[in-house]
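Take this structure first; my questions come after.
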Amino acid sequence: MPVSRLHYRLTPALHKRPGKRCTAMPDPDTPVIKTRFAPSPSGHLHVGGARTALLSWAYAKGRGGRFILRIEDTDQKRSSRTAMEGMLRDLRWLGIDWDEGPEFEDCGGGDNGPYFQSERLDIYQQYLDQLIVEGKAYYAFETAEELDAKRADARQRGEPYRYDRAALDLSLEAVNQYRAEGRPAVIRLLVESGEITIHDEIVNDAIIPAGELDDFIICKADGYPTYHFAVVVDDQLMGVTHVLRAQEHFKNTAKHMLLQDALGFRRPTYGHLSVIINPDNSKMSKRDKDKALRAAARENGMTESPTALIPQDAFAAWLKNKDQQLELNQAVVLADVLGIELPEIDVDDFRRSGYLPEVLCNFLALNGWSPGQDIEKFDNAFLIERFDLNRVNKAPAKFDRAKLLSFNLDALSEMPEDDFVQRVLAHAREFHPEFAEQFTDEQLDLIARCNKARSKTLNDPISESTFLLTADEAIEYQDSKPIRKAMHKGDGHRHLAAVRGLLEALDPFTAESIEDVLTQYAQQHTDGKLGVVAQPLRIAVTGTTVSPPIYDTLALLGRQRVLARIDRCMSLRVGLPDEPIRSTEP
RNA sequence: GACCCCAUCGUCUAGUCAGGUCAGGACGCCAGGUUUUCAUCCUGGAAACACGGGUUCGAAUCCCGUUGGGGUCGCCA
C-alpha cells in the first residue's frame, strides 16, 4: 500500500479541504465524522438504498466515525412498522450496524434521539415557530387540489410552475383568522432569490440559477414537517458531518442549504452517488416490481384481483395508483398468475434468491466505486479500510446481474463444504419450509453437499431438486437430441437393463456403493466411459440430462424409486425411434 | 420542455486530478480442451477512449461545442 494512502487513513482530518470545514462544529478540535442513512419506511430496502447505507457506513467506520440510522417516517400514509423492521433486518443481514438509531439486536440507542422523525414533532415545531417569528417562513392556505390545478395550467402553457406567493398578500389578521377557524395550512419557506452553488465531494459543484427554487413547503397541512425540513433539523441536531445520498437528491441540496442558512445551521459535506439503473436505462426503483406487474396486468386486460390475497378494492386502487406497492407475497402470486418474472430489486429479493450478503455488499460497492489495482473481490473490512469519496464514479451504473451471479458462484465454491451445507439448510428452512420438511436431516445434508460444486445460489440445491419430489409415474420425458443420443445411439436401454439388476442386488444402497458398482460396470462394458451408462440412468430417474452426480442422485431417490423409474423409462421406450405404425403427418 | 449532472469494450471498471507504455482487469460472448450430465476449471479470441474543434512536439487525459445518457421539476422521501 502506498505510504500516502496509509497516511490518509490514519489522519483523515488533515486531508480535508480547508474551505469545506464545517463552520459550527460542536468541538472543532475533535471532529467526529458522522454519517447517516435515513430511509423512509415504506416498502422494502432496495439495492440503491442498500448501497448508500453501505458506503455511508464504510465512510464513517474507516475514519473512526459514527454511523447513524434515522427513520424518516413523516409520511403518515405510507410509513409502516413492518417496512421499518424489514429494513433493519436487511441492514443487519448485510452486516451493517449503527452506532445510533432504533434499537435492534445489538445496534442503536444514542443520545441524539429519538431516531424516528414521527417522535420529533415538537422539535421541528420549535424551529418552525422560529422561522415564522423571524419572517423567514409563512402560512399558506391553498389546498393540494388548487395547487395541482395551477401546476397543470402552467404546464399547459409550457411554463415552469412556481408558487405565486398569493399567501404573502394575506394580512396578518386574515392569517390569524384562518388559523383560528382551523383552516388547513402549510408553511412555506420564504426563498430569497439568488443563485446557489452546491458543493459536492463526488460530482462537480453546480450552480442553481436564481429563480429555480420557489417557496417550497416545509410543513404539511397535517402538521408533519416535509422531508426537507426534518432532514435539515435532524442532520444539525444529530451532528451529521457527511451526507452521502443518491443523485436524485442533488437539487434538494439547494433547498437544504437555504434552510440551513435560514436556521443558522452549519453545513454538512455532501456527496451525491450516481443512481443505479436498469438494463433499459431507467432508474432502478423500489417501484419497479409493481411497475412490471401493472404493465402486465394492463396488457392482459386484468381488471379484477385474481387472488384472494388481494381484495378487490385494494387491487383496483393499486392498479390506479403508481405509488402503491403490493406486499411481496401478493406480488409473487400475481406474477405467477400473469406468468412474468419479478425483477430482483430489493435486498430481500436477493436474499430469497440465495445470494450471500457478503457478495451483495461487495458487488454493490463495486457499482460506482473501485479500489483500483484491478481488485474486485473484497469484504466489508476492506471496504472500510479503502473506501474513499474521490474514487467514486460519477456516471450511472447498470446493475449487472450476470456478474453478481458469477461472484456468488465464486464465493460459494470457495466456501468450506460444511458452511455451505449449513447455509443451504438455513435458507431452505426459511424460504422453502414445504421443501425442507419432505426430507430427513440426513437427506437434506446430502442434497446440499452434492449440489455444492454446481450451485450459483443457496437456492439452487432446492430449485434443482424438484425431481426428488415428483411421483415416479409423473416424471416427464422430453424428446431432445441429447436424450435420443444417450438412449438410442449410446445404447442406453441395454445399459439400463444391465445396471438395473446390479442396483437391485446392491446392499447397502449408498452413493459409495453405487459408485463402486457403476465404475466397475463401466470398466467392464463401456471402455471405462462412465457417461455412457450415467446419462441413461440420469434420464431415466430425472427425465432430464442434468442432475447432481449420478451416485448421489440415485442414493437420494432410494432403490425402490430408482428401479420404478428405470422400469417406466424402459417401457416408454424413451429416446428410441417411434414405432413405424405411429401415424400421420398433418 | 426547463434546470442540473454525466460520458473508456455489450456490462462493471483501471488509466484522467500532476498530458508521453500496442488503453489493463472482471462479467458476459465466441473457439478449443478437461469432466459421468450441468456447473466448474484451463487455453485462446473478438470487443471501447461518443463526435467535432482547439491547446500541445505529443490528448482517453486539458478547454470549447455537438450528440447521447441520467436525475429533478409532489402537502413522497
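Model, not experiment: these values are computed from the prediction. Reminder, nothing fancy here: chain letters follow the sequence lines and each chain counts from 1.
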Side-chain donor-acceptor pair present, A:Gln373, A:Arg386, cut-off under 3.5 Å: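 Note: A:Gln373 and A:Arg386 side chains meet the donor-acceptor criterion.
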B:rA47 and B:rG24, which share atom name C1', separated by this distance in whole Å: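 One C1' to the other, the span is 14 Å.
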5'-most by nearest nucleotide on RNA chain B - A:Pro225 or A:Ala534: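 Mapping each residue to its closest nucleotide by heavy atoms, the 5'-most match is A:Ala534.
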Ion pair check, A:Lys251 and A:Glu212, cut-off under 4.0 Å: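 A salt bridge is present here (some side-chain N lies under 4.0 Å from a carboxylate O).
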By ring pair (Phe, Tyr, Trp, His ring centres under 6.0 Å) - contacts of A:Phe382 (at least two apart):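 Scan of A:Phe382 (ring pair (Phe, Tyr, Trp, His ring centres under 6.0 Å), adjacent residues dropped) gives A:Phe378.
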A:Gln156 CD to B:rG1 P, straight-line distance once rounded to whole Å: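 To the nearest whole Å, that distance equals 18 Å.
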Test: A:Lys403 cationic atom under 6.0 Å from A:Phe363 six-membered ring centre, within 45° of axis: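 No; the conditions do not both hold, so A:Lys403 does not lie above the ring face of A:Phe363.
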Selection from B:rC12, B:rC4, B:rU13 that lies nearest to any side-chain heavy atom of A:Lys403: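 From the listed options, B:rC12 comes nearest.
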Sugar-phosphate only, base, or nothing, as touched by A:Pro39 at under 4.0 Å among non-hydrogen atoms: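 If one applies the 4.0 Å heavy-atom cut-off, A:Pro39 turns out to touch nothing in the nucleic acid.
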A:Arg165, A:Arg162, A:Arg188 screened by side-chain hydrogen bond (donor to acceptor under 3.5 Å, both in side chains) with A:Asp215, the one that passes: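 Of A:Arg165, A:Arg162, A:Arg188, side-chain hydrogen bond (donor to acceptor under 3.5 Å, both in side chains) with A:Asp215 is met by A:Arg165 alone.
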Residue matched to B:rA47 through Watson-Crick or wobble contacts both under 3.5 angstrom: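 Answer to the pairing question: none, since B:rA47 forms no Watson-Crick or G-U pair.
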Side chains of A:Asp200 and A:His272, donor plus acceptor under 3.5 Å: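 Yes.
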Integer-rounded Å distance: B:rC3 P and A:Asn204 CG: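 These atoms are roughly 19 Å apart.
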Sugar-phosphate, base or nothing in reach of A:Ser406, heavy atoms under 4.0 Å: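 Since only primed, P, OP1 and OP2 atoms lie under 4.0 Å of A:Ser406, the category is sugar-phosphate.
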Atom P, compared across B:rG52 and B:rU67: separation rounded to whole Å: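 Pairwise P distance, B:rG52 against B:rU67, rounds to 15 Å.
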Distance-only polar pair, side chains of A:Asp460 and A:Thr457, donor-acceptor under 3.5 Å: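 The criterion, which ignores hydrogens and geometry beyond distance, is satisfied for A:Thr457 and A:Asp460.
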Mate of B:rC22 where both pairing distances stay under 3.5 Å, Watson-Crick or G-U: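 Per the H-bond distance test, none.
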Integer-rounded Å distance: B:rC29 P and A:Asp400 CG: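 Roughly 11 Å, once rounded to whole Å.
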Salt-bridge contact A:Glu146-A:Lys150 (side-chain N to carboxylate O under 4.0 Å):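 Answer for the salt bridge query: no.
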Sugar-phosphate, base or nothing in reach of A:Ile550, heavy atoms under 4.0 Å: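 Base, at least one base atom sits under 4.0 Å.
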Length of the line joining A:Leu364:CG and B:rC12:C1', which is rounded to integer Å: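 Whole-Å distance recorded here is 13 Å.
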Paired nucleotide for B:rG10 [Watson-Crick or G-U wobble; both distances under 3.5 Å]: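 The answer is B:rC27, by the H-bond criterion.
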Nearest-Å distance once atom P is located in both B:rU8 and B:rA46: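 Nearest-Å result for B:rU8 against B:rA46 at atom P: 22 Å.
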Identify each atom pair where a protein N or O and an N or O of nucleotides 71-76 of chain B are less than 3.5 Å apart, giving names and distance.
unit_1, atom_1, unit_2, atom_2, d
B:rG71, OP1, A:Lys283, N, 3.0
B:rG71, O2', A:Gln247, O, 3.4
B:rU72, OP1, A:Lys283, NZ, 2.8
B:rG74, N2, A:Arg78, NH2, 3.0
B:rC75, OP1, A:Arg151, NH2, 3.2
B:rC75, O2, A:Ala221, N, 2.8
B:rC75, N4, A:Glu142, O, 2.6
B:rC75, N4, A:Ala144, N, 3.1
B:rC76, OP2, A:Lys220, NZ, 3.0
B:rC76, O4', A:Arg78, NH2, 3.1
B:rC76, O2', A:Asp75, OD2, 3.1

Nearest-neighbour nucleotide for the A:Glu212 side chain, B:rA26, B:rC3, B:rU36 considered: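 Nearest to the side chain of A:Glu212 among the choices is B:rC3.
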Interatomic distance where CZ belongs to A:Arg386 and C1' belongs to B:rA14 [whole Å]: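 About 13 Å, once rounded to whole Å.
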What's touching nucleotides 47-49 of chain B from the protein side, N or O pairs under 3.5 Å?
none

Qualifying salt bridge (charged side-chain N to carboxylate O under 4.0 Å, His left out) pairs, either residue in residues 217-234 of chain A, two or more places apart: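 The answer is A:Arg70-A:Asp234, A:Arg120-A:Asp234.
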Length of the NZ-C1' vector between A:Lys394 and B:rU13, whole Å: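 Answer to the nearest Å: 15 Å.
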Options B:rU11, B:rA77, B:rC4, nucleotide nearest the side-chain atoms of A:His228: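 Ranking B:rU11, B:rA77, B:rC4 by closest atom to the A:His228 side chain puts B:rA77 first.
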Aromatic A:Tyr161 / basic A:Arg151 pairing, under 6.0 angstrom, 45° off normal: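 Yes.
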Test item: A:Asn408 side-chain N/O and A:Gly354 main-chain N/O as donor-acceptor pair under 3.5 Å: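 Between the backbone of A:Gly354 and the side chain of A:Asn408 there is a qualifying donor-acceptor contact (under 3.5 Å).
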Salt-bridge present (A:Asp388, A:Arg391; N to O < 4.0 Å):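 Between A:Arg391 and A:Asp388 there is no salt bridge, as every charged N stays at least 4.0 Å from the carboxylate O atoms.
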Protein-nucleotide distance (A:Lys398, atom NZ; B:rA7, atom C1'), rounded to Å: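 One finds 13 Å between C1' of B:rA7 and NZ of A:Lys398, rounded.
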Whole-angstrom distance between B:rA18 and B:rA59, as gauged at atom C1':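 After rounding to an integer number of Å, I get 15 Å for this pair.
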Polar pairs (N or O, both sides) under 3.5 Å between protein and nucleotides 16-22 of chain B?
none

Centroid-centroid under 6.0 Å between A:His228 and A:His256 rings: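 Ring centres of A:His256 and A:His228 closer than 6.0 Å.
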Sugar-phosphate only, base, or nothing, as touched by A:Pro209 at under 4.0 Å among non-hydrogen atoms: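 Counting heavy atoms under 4.0 Å across all strands, the contact made by A:Pro209 is with sugar-phosphate only.
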Lys/Arg-Asp/Glu bridge criterion (N-O < 4.0 Å) met for A:Lys322, A:Asp290: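 Between A:Asp290 and A:Lys322 there is no salt bridge, as every charged N stays at least 4.0 Å from the carboxylate O atoms.
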All N/O pairs under 3.5 Å across the protein-nucleotides 39-43 of chain B interface:
unit_1, atom_1, unit_2, atom_2, d
B:rA39, N3, A:Ala453, O, 3.4

Modelled atom types, side-chain donor and acceptor of A:Ser42 and A:Gln325, under 3.5 Å: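 On atom types as modelled, these side chains do not qualify, holding no pair under 3.5 Å.
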Ring-ring centroid check A:His199 A:Tyr270, cutoff 6.0 Å: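 When the ring centroids of A:His199 and A:Tyr270 are compared, they turn out to be at least 6.0 Å apart.
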Between A:Asp73 and A:Ser118, a side-chain donor and acceptor under 3.5 Å: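 The answer is yes; a qualifying pair exists.
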Base paired to B:rU72 (Watson-Crick or G-U; both N/O distances under 3.5 angstrom):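 Its partner is B:rA2 (Watson-Crick or G-U wobble, both distances under 3.5 Å).
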Nucleotide B:rU13, atom C1' - distance to CZ of A:Phe407 in whole Å: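 Distance, rounded to whole Å: 11 Å.
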Sugar-phosphate, base or nothing in reach of A:Tyr551, heavy atoms under 4.0 Å: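 Counting heavy atoms under 4.0 Å across all strands, the contact made by A:Tyr551 includes a base.
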Same-atom distance (P) from B:rU66 to B:rG1, integer angstrom: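 Straight-line distance between the two P atoms is 15 Å.
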Given B:rC4, B:rC27, B:rU13, the nucleotide with the shortest approach to the side chain of A:Ala206: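 Nearest to the side-chain atoms of A:Ala206, counting from C-beta on, is B:rC4.
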Same-atom distance (C1') from B:rU21 to B:rG28, integer angstrom: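 My reading of the C1' atoms in B:rU21 and B:rG28 gives 28 Å.
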Sugar-phosphate only, base, or nothing, as touched by A:Leu405 at under 4.0 Å among non-hydrogen atoms: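 Nothing: the residue A:Leu405, judged by heavy atoms under 4.0 Å, touches no strand.
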Strand partner of B:rC38, provided both Watson-Crick or wobble distances fall under 3.5 Å: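 Result: none.
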First of A:Val532 and A:Val203 reached from the 5' end of RNA chain B, by closest nucleotide: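 Its nucleotide being nearer the 5' end, the pick is A:Val203.
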Whole-Å P distance, B:rU43 and B:rU34: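 Looking at atom P only, B:rU43 and B:rU34 are 15 Å apart.
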Separation of the P atoms in B:rG20 and B:rC3, to the nearest angstrom: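 My reading of the P atoms in B:rG20 and B:rC3 gives 36 Å.
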